[in-house]
Trainee: 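Pasting a structure below so you can have a look.
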Amino acid sequence: MMVEDKDVEGLRRGDRVCFENIFNRYSPDLYVVAYRITGNKAVAEDVVQDFFVKLWLNREKVLIYKSFRYYCFSAIHYASLNATRTKYRDAELSEELEDPSCVEYEMERAELSEKIHLAIDSLPEKCKAIFVDACIEECSYVEVAQKYDLSVNTVKVQVSKAYRILREKLTKEQFSIFLLIFLKSE
């Protein structure tokens, strides 16, 4: 189930029901992403809560360039990275930072997340748009084909091309993590 365009438009108008629909649809998945990046339940909850507060407060100014789902997940991704950076900046003298393996793990996690986003952003524009709609936004191939006035087979070819490019740009482990984080299982 996708957030309807009417919910996004309703959000911009200040419709609380539309905001609740968006919150109920996305908050569980956004929490999972935030938790995977931060490794801390409380911080992940704060990141997601802060996102929705800012979304509501700035609802009239929200600019969505790709898709609403992509907007949400990108915002959570970067907010989680910032929360992780802030956590370590504020805890410079703590015991946690005395363990280099912990810091290295968090740095690797942040680097991996950045590599995945860069890989998606490096796809050719048409291929990226089709891939985001079909795989991240969870639109059916038929819906994507209609949106871009293409055949279903062309959509399948573009999605396949996107997967091939992502597999080439990411290591096997990175690509597997990408599938776990960004593609919702049915």
Side-chain angles (χ1 to χ4, degrees), residues 1-5 7-8 11 18-59 62-91 96 102-123 128-139 144 159 162-163 165-167 169-186:
M1 178 174 137
M2 291 179 22
V3 169
E4 302 282 336
D5 288 338
D7 284 336
V8 175
L11 167 69
C18 293
F19 177 74
E20 287 176 21
N21 290 343
I22 291 169
F23 178 83
N24 291 334
R25 169 64 178 102
Y26 284 113
S27 61
D29 293 337
L30 294 175
Y31 170 78
V32 169
V33 171
Y35 179 72
R36 287 187 180 168
I37 293 171
T38 64
N40 182 303
K41 290 180 181 183
V43 172
E45 289 170 357
D46 287 345
V47 166
V48 173
Q49 181 178 357
D50 288 348
F51 167 75
F52 280 106
V53 168
K54 288 176 185 175
L55 180 65
W56 178 256
L57 294 175
N58 298 304
R59 64 189 174 273
V62 171
L63 298 175
I64 300 169
Y65 295 105
K66 298 178 187 204
S67 69
F68 187 74
R69 180 178 170 87
Y70 187 82
Y71 171 83
C72 292
F73 280 85
S74 293
I76 290 296
H77 167 79
Y78 291 112
S80 298
L81 289 176
N82 286 337
T84 301
R85 286 185 197 116
T86 300
K87 173 184 169 187
Y88 286 112
R89 194 174 328 133
D90 293 345
E96 188 174 74
C102 180
V103 175
E104 289 172 13
Y105 174 77
E106 291 301 326
M107 289 175 62
E108 287 174 12
R109 184 195 320 237
E111 287 174 22
L112 172 62
S113 189
E114 185 67 21
K115 285 179 184 177
I116 290 171
H117 276 285
L118 288 173
I120 292 171
D121 287 341
S122 74
L123 294 171
K128 178 172 51 174
I130 291 170
F131 179 77
V132 167
D133 285 347
C135 298
I136 296 177
E137 276 292 319
E138 301 175 345
C139 294
V144 176
V159 169
Y163 277 124
I165 292 170
L166 292 173
R167 274 194 300 271
K169 292 192 176 282
L170 300 170
T171 66
K172 190 174 187 176
E173 179 185 59
Q174 291 169 341
F175 186 71
S176 297
I177 292 170
F178 160 75
L179 293 174
L180 289 172
I181 293 174
F182 286 96
L183 301 182
K184 186 176 176 92
S185 58
E186 296 298 320

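All of these numbers come straight from a predicted model, not from anything done at the bench.
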Trainee: Quick one: pull up CD1 in Ile22 and SG in Cys72 and give me the separation to the nearest 0.5 Å.
Mentor: 7.0 Å
Trainee: How many angstroms lie between atom NZ of Lys169 and atom CG of Asp121, to the nearest 0.5 angstrom?
Mentor: 11.0 Å
Trainee: Mark yes when over 12 heavy atoms from residues, nucleotides or ligands other than Lys128 sit less than 6.0 Å from its NZ; otherwise mark no.
Mentor: yes
Trainee: Quick one: does Leu55's side chain get under 4.5 Å of Tyr71's, heavy atoms only?
Mentor: yes
Trainee: Testing the basics here: between Tyr163 and Cys135, what is the closest heavy-atom pair and its distance to 0.1 Å?
Mentor: OH-SG, 3.5 Å
Trainee: Would you say that Phe51 contacts Val47 through its side chain, given a criterion of any heavy-atom pair below 4.5 Å between the two side chains?
Mentor: no
Trainee: Quick check: closest heavy atoms across Ala119 and Ser122, and the distance to 0.1 Å?
Mentor: O-OG, 2.8 Å
Trainee: Between CD1 of Ile165 and CD1 of Ile120, what distance do you get to the nearest 0.5 Å?
Mentor: 12.0 Å
Trainee: Between atom CG of Asn21 and atom CZ of Phe19, what is the distance when rounded to the nearest 0.5 Å?
Mentor: 11.0 Å
Trainee: With side chains defined as the heavy atoms from C-beta onward, is the minimum distance between Leu30 and Phe73 less than 4.5 Å?
Mentor: yes
Trainee: For Phe23 and Pro28, which heavy atoms make the closest approach, and how far apart are they?
Mentor: O-CD, 4.3 Å
Trainee: Are the side chains of Lys41 and Tyr31 in contact, using a 4.5 Å heavy-atom criterion?
Mentor: yes
Trainee: Locate the shortest heavy-atom distance separating Asp7 from Cys18; write the atom from each residue and the value.
Mentor: O-CB, 3.4 Å
Trainee: Is there side-chain contact between Val33 and Ser80, with at least one heavy-atom pair below 4.5 Å?
Mentor: no
Trainee: Kindly give the heavy-atom pair with the smallest separation between Val144 and Cys139, and that separation in Å.
Mentor: CG2-CB, 3.7 Å
Trainee: Would you call Ile76 and Tyr26 a side-chain contact if the rule is heavy atoms closer than 4.5 Å?
Mentor: no
